[in-house]
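What follows is a short report on a single structure.
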Amino acid sequence: MKRTKPPFRADQVGSLLRSPALKTARTKRATGEITPAELKAVEDAEIRKLVARQEEIGLQAVTDGEFRRSWWHYDFLAGLDGVELVSVAQGLQFKGTETKAEGLHVHGKIDFTDHPMIEHFRFLKSVAKAVPKMTIPSPTALHYRGGRAAIERSAYAEMEPFFEDLGKAYAKAVRAFGEAGCTYLQLDEVFVAYLCDPAQRDYLRGRGDDPDRLLHIYADLVNAAVSGRTPGMTISMHLCRGNFRSTWMAQGGYEPVADVLFNKMGVDAYFMEYDSERAGGFEPLRLLPKNKLAVLGIMTSKTGALEDKDQLKRRLDEAAKFADLDQLCLSPQCGFASTEEGNLLAEQEQWAKLARCVEVANDVWG
């Protein structure tokens, strides 16, 4: 049956392809041709149009497309006390391409006092008729990317206080979004999915981290974050294996993390990448507790080819062998623009996919 609270039968991860007008304005701002206020005016206008388009398609939850960000994670994390965005020697390496050479540096005690994204959410809420959904990176993102090397020893001689402060700062952030009226918050959790990849696990061991122990540390971090939830707030978690200009970073099915993911992390729903062989089969869904939902990313945001309706329904039937159909929803596997560069597809292809998602959900769940 159709759902009246999030996640919805037809849902979306969050980021959307940046419009030409927005891209032009951001470039002009970067070169000093326009003021921050002029950029904000363009962002506001483009987000209004974007929200209207999502509502027109029939989505019950809408986002601002992350139009005010350049990264899915760095913009939020760099806004925490004690954290800064810095230039690094090399960008992140994806299959066949590389990101901008930026990273995070922890130089002081981590805390959350105020953050521009609270205002970003308030604006979204003011222009949306549908449920406004806010996305922020999972706290694990601050640790996984740079590890111990990105954290000043003068700030944190030991890692335990770092994780403790990070969890507390996130609880404050979650509460602040709730107090601003957010009832649908998503933690973008890439790195628990990375723990399913033998190559990533080797990389972690090589820098001195134990991937098995890290899974439990990360579960505790997520739980510290969600402890800040306000009454009536749904918290979802999005999992993927990398999404930059239609490429990827990690692979491996969910089995190694499924029990901790579903049974130890206190979120309500999971947006799960399932658009390629790299994510494995649906078997881990057998561990999904009855009070939680899985939003299956069986459509892809990486290419413009539109999925066949019957094929999508067959995939949902396959998944329903392991979790009740009533516990399942449908979405693309990731956002369409995890960074401002965006994936390699056209805007009309993005909208066709989201419309197809709504169409199939209506057929399957009514």
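Values reported hereafter were calculated over all heavy atoms of this structure, with side chains retained and with hydrogens, waters and symmetry mates removed. Just so you know, these numbers come straight off a predicted model, no measurement behind them.
In terms of modelled atom types and a separation under 3.5 Å, the side chain of Arg53 and the main chain of Leu50 share no donor-acceptor contact. Of the possible donor and acceptor atoms, none in the side chain of Glu84 sits under 3.5 Å from a partner among the backbone N and O of Ala78. Counting only distance, with no hydrogens or angles, the side chain of Gln60 and the backbone of Val131 share no donor-acceptor pair below 3.5 Å. Although no hydrogens or angles enter the test, the distance criterion places a donor-acceptor pair under 3.5 Å between the side chain of Gln327 and the main chain of Lys292. Glu318 places no side-chain N or O within donor-acceptor distance of the main-chain N or O of Phe282, the cut-off being under 3.5 Å. Remark: side-chain polar atoms of Tyr270 are paired, donor with acceptor, to backbone N or O of Leu261 under 3.5 angstrom. In terms of modelled atom types and a separation under 3.5 Å, the side chain of His115 and the main chain of Met117 share a donor-acceptor contact.
Salt bridge status for Asp324 with Lys290: absent, with no side-chain N to carboxylate O gap under 4.0 Å. Between Lys168 and Glu164, at least one side-chain nitrogen of the basic residue sits less than 4.0 Å from a carboxylate oxygen of the acidic one, meeting the salt-bridge criterion.
Judged by distance alone, the side chains of His105 and Glu152 do bring a donor and an acceptor atom under 3.5 Å apart. Side-chain atoms of Asp209 and Tyr203 include no donor-acceptor pair closer than 3.5 Å. Looking at Gln186 and Lys133, their side chains do bring a donor and an acceptor atom within 3.5 Å of each other. Side-chain contact check for His143 and Tyr218: at least one donor-acceptor pair (N or O, by modelled atom type) lies under 3.5 Å. Thr113 and Asp81 form a side-chain donor-acceptor contact under 3.5 Å, judged by distance and modelled atom types alone.
Between Leu287 and Phe322 there is no side-chain heavy-atom pair separated by less than 4.5 Å. Residues Leu296 and Leu285 meet the side-chain proximity criterion, which asks for heavy atoms closer than 4.5 Å. Side-chain contact check for Asp111 versus Asp165: every heavy-atom pair is 4.5 Å or farther apart. Ile217 places none of its side-chain heavy atoms less than 4.5 Å from the side chain of Thr140. Within the 4.5 Å cutoff, no side-chain heavy atoms of Val86 are placed close to those of Leu104.
Between Tyr254 and Tyr274, the gap from one ring centroid to the other is short of 6.0 Å.
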Stepwise ring-ring contact (aromatic ring centres under 6.0 Å, His included) test for Phe112 and Tyr170: CA-CA 7 Å; Phe112 179 94; Tyr170 254 80; 8.5 Å; no
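Across Lys302, Arg314, Arg315, Lys353, a single residue satisfies salt bridge (Lys or Arg N to Asp or Glu O under 4.0 Å) together with Glu307, and that is Lys353.
Partners of Asp317 under the side-chain contact (heavy atoms from CB on, under 4.5 Å) rule, at least two apart in sequence or in another chain, do not exist in this structure.
Under the 6.0 Å distance and 45° angle rule, Arg3 does not count as a cation-pi partner of Tyr184. Seen from the ring of Phe67, Lys40 does not count as a face-on cation partner, given the 6.0 Å and 45° thresholds. Annotation: cation-pi geometry not satisfied between Arg145 and Phe191 (NZ/CZ under 6.0 angstrom from ring centroid, within 45° of ring axis).
Summarising the local packing, NZ of Lys309 is surrounded by more than 12 heavy atoms from other residues, nucleotides or ligands at distances under 6.0 Å.
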